[in-house]
Amino acid sequence: MEEDLFQLPVKIGDVTLRNPFIVGSGPTVKSIEQLEQIEKCGWGAASTKQTFNPRPYINYDPRYRWFKKEKLHIFTAERRLDMESGLRLIEAARKRCRELVIIANFSDNSVNMEGWEEGARRFEAAGAQILELNFCCPNMSFNVDVSDKGVNAPRPSSGASMGQDENAVAHVVQSLRKAIRIPIIAKLTPEGGRIAEVSKAALEAGASAVSGVANRLGIPPVDIWNYRKPIYNLQGENTVGCMSGPWIKPLSMRDVFEIRKLVGPGPHINGTGGISSMEDAVQMMMCGADSIGVCTETMLRGFGFLEKWMKSLKAYMKEMGFSTAREMRDLLISEIKSAADLTLWSGYAQVDKEKCSGCGLCVEIGHCNAIVMTDVVASIDPKLCKGCSTCIDICPKQSIRMVEEDVAKR
Ligand SMILES: Cc1cc2nc3c(=O)[nH]c(=O)nc-3n(C[C@H](O)[C@H](O)[C@H](O)COP(=O)(O)O)c2cc1C
Ligand code: SF4
Ligand code: SF4
């Protein structure tokens with residue numbers, strides 16, 4: 001029998017996803033048509049666009065920019081679902097999507113727990129298979145905190161401002177764990193630098209999984225000649241924006257790595273942030289992720305690329321002798337050493353004179369006095385070379401290589 005390309009099961013609580021790939025909550029999971037397309041393209045799960053209850057005070061038509069060179073996506077304005085539309089979407093998805101696991105991304109803004117509990121119960125009744133609590137959105141109170149602190153009246157804490165407080169997160173998770181039966185994911189912000197500690201608190205309070213990371217707040221590039229005009233189209237003012245996409249990947253891998261180290265091998269971690277290829281996904285798993293969330297890439301390219309990812313993932317797994325996603329997980333956890341424990345080998349850089357064009361770029365390197373121009377080509381003094389690699393990376397002709405001496409320097 002022919003193997004199903006999209007089968008590579010993982011579990012969140014007692015729910016099985018056909019594969020680890022989840023379309024992350026955002027603008028590509030707002031309608032039943034999108035969810036049907038996601039199912040058709042073979043994804044394991046989709047986390048629907050955030051339902052915010054009551055209707056949030058920041059809820060505008062979208063304003064996005066994609067900076068191709070920086071591989072940075074940034075948004076300032078976004079529209080959430082209100083409670084009724086969120087529930088209708090889940091109901092429709094459960095009727096029309098047979099294999100796609102439907103996750104409801106939800107947050108409530110009430111001070112006591114009644115709103116959270118009622119919302120959670122209603123999503124469970126509507127058919128959500130997993131509830132993802134949004135402790136990550138930086139576009140609500142956290143945006144106001146960062147850009148306006150002390151000017152406007154304080155707002156109720158939600159999303160990324162709430163998600164930095166492990167007591168607040170644990171309190172919500174604990175209450176909802178008693179209110180519903182379906183698995184709960186706590187989706188956490190990287191802001192505040194304590195995502196591992198907050199994850200631990202959420203898991204101890206009863207979450208089946210944690211998901212990290214969501215967007216970070218930042219100031220986008222500014223036109224210095226016209227700095228009052230924002231780089232966004234159809235927008236009057238500059239503001240801090242929510243950043244995502246490939247630039248964030250090294251940071252999100254570090255966050256997942258730290259979470260895994262702190263919570264141990266048991267809990268499910270959904271690794272999200274900057275994933276744009278099969279190789280990115282494998283790296284994220286190696287840092288500790290069980291499943292992979294993808295948002296920005298689906299905004300830019302739709303959902304069909306998963307087929308290519310699954311084909312290359314299966315080929316990679318076959319070649320490497322892996323038969324489950326779990327076997328790829330955590331492989332980097334013991335490999336990543338502290339800078340204090342590194343072994344450095346002796347060696348020096350050497351120029352291939354046949355390939356060198358004499359452009360002189362390497363001679364300009366500010367921290368190196370080993371390179372000089374002799375005749376019309378560069379030459380490196382092995383005694384002065386410290387082996388840092390900068391010249392290799394800046395040479396436009398790839399004419400420099402490292403010569404390794406088989407001697408440990410330290
Ligand atoms: C325009 C936009 C809207 C988003 N909306 C939500 C949301 O409603 N709920 C949520 O939990 N995350 C939301 N996210 C965060 C993404 O799900 C994801 O965590 C983040 O963008 C990092 O992953 P990526 O680099 O693959 O986009 C949104 C991201 C973007 C870019
Ligand atoms: S490897 Fe570093 S130290 Fe050595 S020549 Fe190149 S830039 Fe200079
Ligand atoms: S950067 Fe490369 S090509 Fe240019 S001088 Fe140095 S070695 Fe030669």
Side-chain angles (χ1 to χ4, degrees), residues 22-30 47-52 62-64 66 71-81 86 103 105-107 132-140 159-160 163 185 187-190 211-216 241-249 251-252 270-276 280 284 292-300 347-353 355-373 376-382 384-403:
I22 302 177
V23 179
S25 183
T28 57
V29 277
K30 271 183 148 165
S47 173
T48 54
K49 176 68 202 168
Q50 178 187 25
T51 297
F52 197 97
R63 293 292 179 268
Y64 307 148
W66 165 238
K71 298 193 169 187
L72 161 66
H73 189 275
I74 189 154
F75 81 88
T76 54
E78 175 72 346
R79 203 170 276 288
R80 284 100 199 166
L81 301 178
I103 304 172
N105 185 276
F106 166 66
S107 55
E132 181 170 69
L133 301 176
N134 184 320
F135 299 118
C136 64
C137 178
N139 193 229
M140 301 292 295
I185 302 176
K187 184 165 177 187
L188 297 169
T189 177
S211 176
V213 300
N215 320 59
R216 294 208 66 151
C242 306
M243 309 194 300
S244 60
W247 77 274
I248 206 177
K249 196 194 81 172
L251 300 175
S252 51
N270 171 247
T272 303
I275 303 300
S276 68
D280 290 348
M284 188 62 108
I292 300 295
V294 186
C295 175
T296 301
E297 194 66 8
T298 64
M299 293 174 69
L300 302 172
Y348 55 89
Q350 194 174 59
V351 177
D352 180 341
K353 297 195 183 333
K355 285 195 194 162
C356 173
S357 69
C359 71
L361 281 178
C362 56
V363 182
E364 302 299 329
I365 294 172
H367 58 271
C368 170
N369 63 354
I371 313 176
V372 289
M373 292 303 285
V376 287
V377 290
S379 160
I380 296 175
D381 181 344
L384 294 177
C385 172
K386 305 279 185 248
C388 73
S389 292
T390 304
C391 55
I392 293 177
D393 294 330
I394 68 153
C395 174
K397 296 287 177 193
Q398 287 83 46
S399 57
I400 309 180
R401 67 180 190 104
M402 199 60 81
V403 179

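In this chain, residues are counted from 1 in sequence order. When a ligand or atom number is given, it counts from 1 through the structure's own listing order.
Listed by number with element, the atoms of ligand 1 under 4.0 Å from a non-hydrogen atom of Gly273 are 22 (C), 23 (O), 25 (O). Below 4.0 Å from some heavy atom of Pro396 lie the following atoms of ligand 3, by number and element: 1 (S). Applying the 4.0 Å criterion to heavy atoms of Lys49 picks out, from ligand 1, the atoms 3 (C), 4 (C), 5 (N), 6 (C), 7 (C), 8 (O). Residue-ligand proximity, Gly245 to ligand 1, at heavy-atom distances under 4.0 Å covers atoms 25 (O). Every atom of ligand 3 is numbered from 1 in the order shown, and the set under 4.0 Å from a heavy atom of Gly360 is 4 (Fe), 5 (S). Which parts of ligand 1 touch Thr296 is read off a 4.0 Å heavy-atom cut-off, strictly below it: atoms 24 (P), 25 (O), 26 (O), 27 (O). Counting the atoms of ligand 1 from 1 in the order shown, those under 4.0 Å from a heavy atom of Pro27 are 1 (C), 2 (C), 3 (C).
Here the side chain of Asn215 pairs no donor or acceptor atom with the backbone of Pro138 at under 3.5 angstrom. Between the Lys30 side chain and the Arg79 main chain, a donor and an acceptor come within less than 3.5 Å of each other. For the pair Ser252 (side chain) and Gly273 (backbone), a donor-acceptor distance under 3.5 Å is present.
Contact check on Arg401 versus Asp352 returns no salt bridge, with no Lys/Arg side-chain nitrogen under 4.0 Å from an Asp/Glu carboxylate oxygen. Under a 4.0 Å N-O distance rule, the pair Arg63/Glu78 does not qualify as a salt bridge.
Screening Ile185, Thr48, Ile22 for a side chain to side chain contact (heavy atoms under 4.5 Å, CB included) with Glu132, the sole residue that qualifies is Ile185.
The nearest protein atom to atom 4 (Fe) of ligand 2, hydrogens excluded, is given as Cys385 SG, 2.4 Å; this is a heavy-atom distance. Given atom 2 (Fe) of ligand 2, the protein heavy atom at minimum distance is Cys388 SG, 2.4 Å. The single protein non-hydrogen atom nearest to atom 3 (S) of ligand 2 is Lys386 N, 3.3 Å, given as residue, atom name and distance. Ranking the protein heavy atoms by distance from atom 7 (S) of ligand 3 puts Ser399 OG, 3.4 Å first. Annotation: atom 6 (Fe) of ligand 2 to nearest protein heavy atom, Cys391 SG, 2.3 Å. Scanning the protein for heavy atoms near atom 8 (Fe) of ligand 2, the closest one is Cys368 SG, 2.3 Å.
Side chain to side chain, Arg80 and Asn105 fail the donor-acceptor criterion of an N or O pair below 3.5 Å. For the residue pair Asn134/Ser107, the side-chain donor-acceptor check at 3.5 Å is not satisfied.
Within the 4.0 Å heavy-atom criterion, the part of Asn134 lying near ligand 1 is the side chain and not the backbone. In Ser357, the parts holding a heavy atom less than 4.0 Å from any atom of ligand 3 are both the side chain and the backbone. Only the side chain of Ile371 comes within contact range of ligand 2, with a heavy atom under 4.0 Å; no backbone atom does. No part of Pro62 comes within 4.0 Å of ligand 1, judged by heavy-atom distances. If you look at Ile400 next to ligand 3, the close heavy atoms, those under 4.0 Å, all belong to the side chain. Contacts with ligand 1 closer than 4.0 Å are made by heavy atoms of both the backbone and the side chain of Gln50. Contacts of Glu78 with ligand 1, taken as heavy-atom pairs under 4.0 Å, involve the side chain alone.
Here's the thing with Gly274: one of its N/O atoms is less than 3.5 angstrom from an N/O atom of ligand 1. When only interatomic distances are considered, the shortest N/O to N/O separation between Ile275 and ligand 1 does not fall below 3.5 Å. The N/O atoms of Glu132, backbone and side chain alike, include none that comes under 3.5 Å of an N/O atom in ligand 1. Considering backbone and side-chain N/O of Thr272, none are found under 3.5 Å from N/O of ligand 1.
Side-chain contact between Lys397 and Cys356 is absent, with no heavy atoms from C-beta onward closer than 4.5 Å. The closest side-chain heavy-atom distance from Cys137 to Phe52 is not below 4.5 Å. Residues Ser276 and Pro246 form a side-chain contact, since some pair of their non-hydrogen atoms from C-beta on lies under 4.5 Å apart.
Atom CH2 of Trp66 is separated from atom OG of Ser244 by 8.0 Å, given to the nearest 0.5 angstrom.
By the 4.0 Å heavy-atom criterion, Asn139 is excluded from the residues contacting ligand 1. Cys137 does not count as a contact of ligand 1, since none of its heavy atoms falls under 4.0 Å from the ligand.
Among the atoms of Cys395, an N, O or S atom falls under 2.8 Å from atom 2 (Fe) of ligand 3. Cys362 lies apart from atom 6 (Fe) of ligand 2 in this respect, since none of its N, O or S atoms is found at a distance under 2.8 Å.
The two residues Ala214 and Ile248 make their nearest non-hydrogen contact at O-CD1, 3.8 Å.
Comparing heavy-atom distances from atom 16 (C) of ligand 1 across Gly26, Ser25, Gly293, Ala214 singles out Ser25 as nearest. Nearest-residue assignment for atom 30 (C) of ligand 1 (options Phe52, Tyr64, Trp247, Phe75; heavy-atom criterion): Phe75.
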